[in-house]
Amino acid sequence: MLKNNTILRLKRILLSDKVNMPSGLIQLLKKDLLKLFDSYFDIKEESLKIEIDSNADGEYDVSIKGVSERIKSPRFMR
Amino acid sequence: MGKKIVLTSGKGGVGKTTVTANLGIALSMLSKKVALVDGDIGLNNLDVVMMVENKIVYDIGDIAEGRCRTKQALIQDDCFPSLFTLPSAKTMDNSRIPPRVFVSIVNELNQDFDYVLIDCPAGIDEGFHRAVAGADEALVVTTPHISAVRDADKVVSLLSTYCMKAVGLVVNRLKGNLVTEGATMDAPDIAKLLRVPLKGAIPEDEEINLSSQISKCKDKSSARLAYLLLASYVDGKDTKVFDCASDYRGFFKKLQRVFR
């Protein structure tokens with residue numbers, strides 16, 4: 001839904017304003033996570049969602065959600 | 001002693017002046033004595049929205065420089081005898097009305113009025129400081145647009161350094177059809193993001209765009225109802241906020257809109 005995307009985008013902007021978090025941080029994190037997940041799952045970039053929020057204690061809530069159709073055979077099991 | 005409320009936003013063009021004027025009108029409809037102070041020195045528009053621009057003899061600059069008394073500069077509204085406008089100085093250098101003088105003018109008005117509403121200039125520089133320094137409560141005005149909400153968030157953070165008794169949010173120019181379709185944020189969504197209590201939601205209304213004043217709108221106009229609810233909230237009589245999407249939910253509501 002468009003509204004949810006707007007809220008998500010706005011949350012990111014407000015958070016980066018407050019904690020001086022570079023707006024590209026999520027993109028960088030996403031890129032690194034995709035590299036990591038690619039060793040274990042078939043995962044599409046658009047299905048990986050990262051959300052960083054701040055809670056009342058000033059800590060960061062980081063949530064990562066992704067959808068994969070297939071688990072790859074981990075290298076150490078080969 | 002009344003309440004001194006500043007209406008601010010950070011971003012320009014969100015409707016601060018229109019909200020200030022119409023909240024003043026709505027409060028005077030509730031039989032309150034209201035003074036509207038144009039804090040936007042040099043870019044004054046409150047006089048135009050209140051349709052008193054042809055009646056100005058003295059302005060806030062004349063009070064500041066001792067050419068008249070505060071009461072002499074006040075302009076009484078034609079429709080609401082308890083509503084007055086204090087116009088700002090249109091040609092004056094911003095620095096010639098220091099915050100200390102502005103605060104003393106607002107405090108003087110506060111002795112005689114139930115509400116002193118200050119229309120704050122856009123931005124967060126000297127003009128913002130002057131307007132906010134005169135108030136003890138703040139209403140942050142925003143629209144559902146991301147840029148306006150972002151600026152409102154910065155203003156809310158700044159206001160926390162001014163020891164305000166209360167800070168509330170007014171979301172202006174909400175389009176009920178877009179809220180229903182999930183295409184834009186609703187007022188409670190914005191209040192939750194900004195962590196500020198929602199005191200008013202004002203729908204986009206063609207009548208307000210044309211006349212700028214709720215007193216010129218039809219009795220059943222949604223903007224008029226929304227401003228009256230906002231005034232009741234500000235006055236402590238009610239805590240209801242207008243639901244801008246109510247007209248767009250359900251088949252019968254849609255039919256009612258067609259035949260209204």
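A, B, ... follow the sequence lines: proteins, then strands. Residue 1 opens every chain.
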Which region of Leu178(B), side chain (C-beta onward) or backbone (N, CA, C, O), has a non-hydrogen atom less than 4.5 Å from a non-hydrogen atom of chain A, or is it both or neither? neither
Residue Arg173(B) excluded, over 12 heavy atoms near CZ under 6.0 Å: no
Would you give the length of the straight line joining atom CD1 of Ile13(A) to atom CD1 of Ile146(B), rounded to the nearest 0.5 angstrom? 5.0 Å
Please name the pair of heavy atoms, one in Arg150(B) and one in Leu14(A), separated by the smallest distance, quoted to 0.1 Å. CA-CD2, 3.8 Å
What part of Lys192(B) gets within 4.5 angstrom of chain A, counting heavy atoms only: side chain, backbone, both, or neither? neither
Any non-hydrogen side-chain atom of Thr6(A) less than 4.5 Å from a side-chain atom of Thr184(B)? no
Greater than 12 external heavy atoms within 6.0 Å of Ile124(B)'s CD1: no
Tell me, yes or no, whether the heavy-atom count around Lys175(B) atom NZ, taken from other residues, nucleotides or ligands under 6.0 Å, exceeds 12. no
